[in-house]
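These notes are about the structure you will find just below.
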2 protein chains.
Amino acid sequence: MVAVKSSEKSPERNRTHVVTIYDIAKRAGVSPATVSRVLNGYPDVSLKTRAKVQKITQELGYQPSAMARGLATKRSMTIGAFVKVGPDDGLRHPVFQEVLTAFQHVVGEKGYDVLFFSQNGPALQREGYEAVARYRNVDGLLVLGMPRTDPGVIALSTCGIPCMSIDLDLIGPRAGYVTSDNVGGAIQAVEFLVQHGHRAIAFIGDKFATKPGHDRLIGFQRAVQEFRLPFRPDWVLDGDFTEIGGYQAVSRLLEMSELPTAIFCASDLMAIGAMRAIRDRGLRVGEDISVIGFDDIRPASMVTPGLTTIRQRSEELGRRAAQALLRMIEEPTALPSVITVATELVVRETVRPVVPRG
Amino acid sequence: MVAVKSSEKSPERNRTHVVTIYDIAKRAGVSPATVSRVLNGYPDVSLKTRAKVQKITQELGYQPSAMARGLATKRSMTIGAFVKVGPDDGLRHPVFQEVLTAFQHVVGEKGYDVLFFSQNGPALQREGYEAVARYRNVDGLLVLGMPRTDPGVIALSTCGIPCMSIDLDLIGPRAGYVTSDNVGGAIQAVEFLVQHGHRAIAFIGDKFATKPGHDRLIGFQRAVQEFRLPFRPDWVLDGDFTEIGGYQAVSRLLEMSELPTAIFCASDLMAIGAMRAIRDRGLRVGEDISVIGFDDIRPASMVTPGLTTIRQRSEELGRRAAQALLRMIEEPTALPSVITVATELVVRETVRPVVPRG
DNA sequence: CCGGCCGCTGGAACCGCTTTCGGCCCGGGA
DNA sequence: TCCCGGGCCGAAAGCGGTTCCAGCGGCCGG
């Protein structure tokens with residue numbers, strides 16, 4: 001009898017039946033529509049009904065379902081993120097970490113969660129970026145450090161989903177981006193070197209696959225021109241934006257017959273590699289060869305001597321991207337924005353006045 | 001006429017109507033059920049129908065909807081992640097980054113994406129962790145570095161959703177965790193110090209809010225006992241697991257009348273702070289005072305002298321957590337596992353043989 | 001020759017929630 | 001007194017899939 005009773009008279013307490021708004025409705029003697037209304041805070045419900053529904057909602061331990069809601073609403077309160085993966089990239093890259101935390105913080109306040117797409121998943125491999133984003137029904141997209149060489153990534157700019165990218169110039173009707181003033185920052189770096197008497201300056205960059213790499217080289221060249229420095233093509237090397245790459249590039253550089261007095265590395269990681277290369281060569285960084293980096297990642301302040309560098313305001317990058325994205329999501333007519341945030345010179349100890357060579 | 005035609009004769013091409021399996025079904029002259037079957041690769045569909053449906057699916061540019069599928073299926077192919085936020089935590093913490101990338105990599109292969117819950121969102125604040133996880137219908141949970149002081153976090157261990165945590169001992173019917181062998185690692189560290197003749201050893205830890213902090217202290221104490229070292233309570237200090245905390249703790253330490261010959265820091269960040277404090281005090285790290293850290297984060301190899309430390313195999317932590325989680329998700333009867341992964345000593349330059357004091 | 005099984009397919013009931021449309025009731029102005 | 005408008009609420013049609021169940025025809029064994 002007990003068994004019968006429990007399975008017939010209170011079917012809503014069955015096994016693991018999740019409680020729905022129908023359960024609430026039945027128990028409160030109202031319609032599901034009304035329950036939905038109070039749950040969503042619509043105004044046109046009498047105080048009495050509202051109170052009753054809320055009470056029962058509590059009692060039953062009701063939990064809404066994002067999937068059901070999303071299906072009906074066509075909004076998921078989710079931001080999808082494509083972030084570059086690689087040995088020194090993605091979650092592993094200090095700049096990106098800051099960007100991401102800041103980003104998540106501001107979208108989080110509005111109730112969004114962020115979904116990291118796995119880039120080795122079968123779906124992405126087969127269907128491509130846009131398909132995955134659409135599949136998950138994300139309200140917006142963050143694209144972080146992805147290479148511009150991937151056509152699938154470029155396609156995101158025209159897919160209609162609001163989209164902000166960082167370090168990649170995706171623009172489209174619903175796509176904008178934010179980036180540091182990389183060329184300005186590079187000029188800043190060279191200028192600082194020049195102020196210390198350096199005129200023989202090498203540049204370590206990347207294969208120009210990334211926008212920052214490209215822009216920083218542009219900035220370097222522009223500065224060379226502006227300050228009428230000698231330009232030596234064999235002094236611009238590829239360091240792949242990694243520590244080891246920087247090490248190798250500078251090792252090669254130091255074997256040349258004629259040496260620069262300063263090295264501008266387009267990333268701190270490369271700069272740190274460069275510093276090691278210099279030391280391994282028996283030279284002193286600062287005294288013998290000045291080094292300046294770019295990014296101002298955490299380790300820059302930890303190494304000795306402290307790395308002078310151009311700081312990216314990563315927290316601001318993330319914040320601005322988030323704000324712009326939210327705007328695009330919330331007002332369908334909002335135009336996409338391209339935002340560039342200024343860099344700032346942080347001087348530590350790796351740049352010293354040039355001393356005349358023997 | 002044209003207008004009429006386009007709005008009456010081909011309603012499926014209306015505005016932005018997303019194409020559904022019904023559209024495919026109609027066009028292929030089959031039922032939606034059949035379409036669903038071929039889309040999901042069920043075997044019981046004739047080759048002819050299958051081919052036709054696939055062709056039309058292509059033509060129409062059909063995209064499935066995760067929300068609809070999830071609603072019907074009760075699976076979301078999503079792993080939810082709660083990761084600690086804080087100035088030196090979460091995405092910003094080097095160990096966690098490795099863990100996360102590895103984790104995402106392995107779950108990604110199985111088609112899962114990972115959803116980072118925003119911890120400042122209104123929902124989480126109001127409803128709590130479990131509610132949010134349930135709301136999003138995640139198939140599994142990753143809990144990373146969350147404090148054990150939060151009852152909401154503890155509750156996750158019994159919420160029924162498969163759950164793996166790292167650096168936090170959540171266990172329950174569907175909850176396990178993976179952690180480094182923190183006490184073993186700490187013993188390893190002390191042992192190495194002892195082998196170099198050190199007997200006066202200080203310990204910098206945290207407020208014991210975190211499991212790693214707690215366990216490393218336990219390990220330290222156990223080692224002290226084992227090697228019959230003098231135990232000085234005033235030589236165990238709180239460094240808050242941050243660089244600045246380590247700096248401050250060691251600064252205080254160095255003002256004492258009697259100094260240890262070596263310092264064991266329960267994290268590399270603190271160790272790096274410690275190194276700076278030692279230098280600022282006019283002492284040389286290594287020569288005057290040895291330092292050993294824990295974690296082996298990237299900067300550990302970048303500072304000079306290179307930091308000797310106990311490495312956490314973070315990549316393995318993430319991988320194992322992912323594997324265990326997948327197992328729990330895929331086989332409902334799988335028992336939760338608690339996994340501990342061994343640490344490994346990496347010797348660089350901050351530990352030197354003790355020299356007798358003046 | 002007939003019953004039954006098997007391969008294939010369609011019908012339809014969900015999954016849990018939102019939202020439009022309209023109805024009911026009540027108060028107030030004409 | 002009648003009508004209109006507004007506050008409150010219910011019915012029902014989706015949103016896009018999945019899956020159980022039943023049905024149909026053909027083939028095989030008895």
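Source: prediction; values computed, not measured. Each chain gets a letter, A, B and so on, in the order its sequence line appears, and its residues count up from 1.
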Interatomic distance, [X] [atom1] vs [N] [atom2] [rounded to whole Å]:
X      : N      : atom1 : atom2 : answer
A/D44  : D/dG5  : CG    : P     : 19 Å
B/Y42  : C/dG10 : OH    : P     : 17 Å
A/I21  : D/dA11 : CD1   : P     : 13 Å
B/K74  : C/dC14 : NZ    : C1'   : 10 Å
A/R69  : C/dT18 : CZ    : C1'   : 9 Å
A/R134 : D/dG17 : CZ    : P     : 13 Å
A/L39  : C/dG16 : CG    : P     : 15 Å
B/L71  : C/dT18 : CG    : P     : 12 Å

Side-chain N or O of [X] less than 4.0 angstrom from OP1 or OP2 on [N]?
X     : N      : value
B/S36 : D/dT18 : yes
A/Y62 : C/dC17 : yes
B/S46 : C/dC8  : no
A/S31 : D/dG10 : yes
A/T49 : D/dC9  : yes

Worksheet item: Which comes earlier along DNA chain D counting from the 5' end, the contact point of B/A72 or that of A/L47, where each point is its nearest nucleotide?
Response: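 Result: A/L47.
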Worksheet item: In terms of the nearest nucleotide of DNA chain D, which residue is placed more toward the 5' end: B/M67 or B/A33?
Response: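 Result: B/M67.
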Fill in: Evaluation steps, side-chain contact (heavy atoms from CB on, under 4.5 Å), between B/I56 and B/V35
CA-CA 10 Å; B/I56 301 205; B/V35 176; over 6 Å; no
Worksheet entry | Evaluation steps, side-chain contact (heavy atoms from CB on, under 4.5 Å), between B/I79 and B/F103 | CA-CA 10 Å; B/I79 309 288; B/F103 182 89; 3.9 Å; yes
Practice prompt. Give a yes or no on this: more than 12 heavy atoms of other residues, nucleotides or ligands lie within 6.0 Å of atom CD1 of B/I171.
Written response: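 Atom CD1 in B/I171 is not packed in, count stays at 12 or less.
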Worksheet entry | Which residue lies more 5' along DNA chain C, comparing B/T73 with B/G29 via nearest heavy atoms |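 First, find each residue's nearest nucleotide; the 5'-ward one identifies B/G29.
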Worksheet item: Which residue, B/A68 or B/T34, contacts DNA chain C at a nucleotide closer to its 5' end, judged by nearest heavy atom?
Response: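 Closer to the 5' end of DNA chain C: B/T34.
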Worksheet item: Donor-acceptor pair under 3.5 Å: do we get one between A/Y22's side chain and the base of C/dG16?
Response: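 Flag unset: no donor-acceptor pair detected.
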Worksheet item: Does A/R37 get its side chain close enough to the base of D/dG10, under 3.5 Å, for a donor-acceptor pair?
Response: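 Pair found.
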Item to complete: Go through the side-chain N and O atoms of A/T78 and B/R136 and say whether any donor and acceptor fall under 3.5 Å apart.
Response: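 Yes - a donor-acceptor pair under 3.5 Å links their side chains.
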Fill in: Sugar-phosphate only, base, or nothing, as touched by A/V30 at under 4.0 Å among non-hydrogen atoms
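Answer is sugar-phosphate: A/V30 comes under 4.0 Å of backbone atoms only.
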Discussion item. In terms of relative ring orientation, are B/F82 and B/F117 parallel, tilted or perpendicular, with 30° and 60° separating the classes?
Written reply: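 Plane angle under 30°, so parallel.
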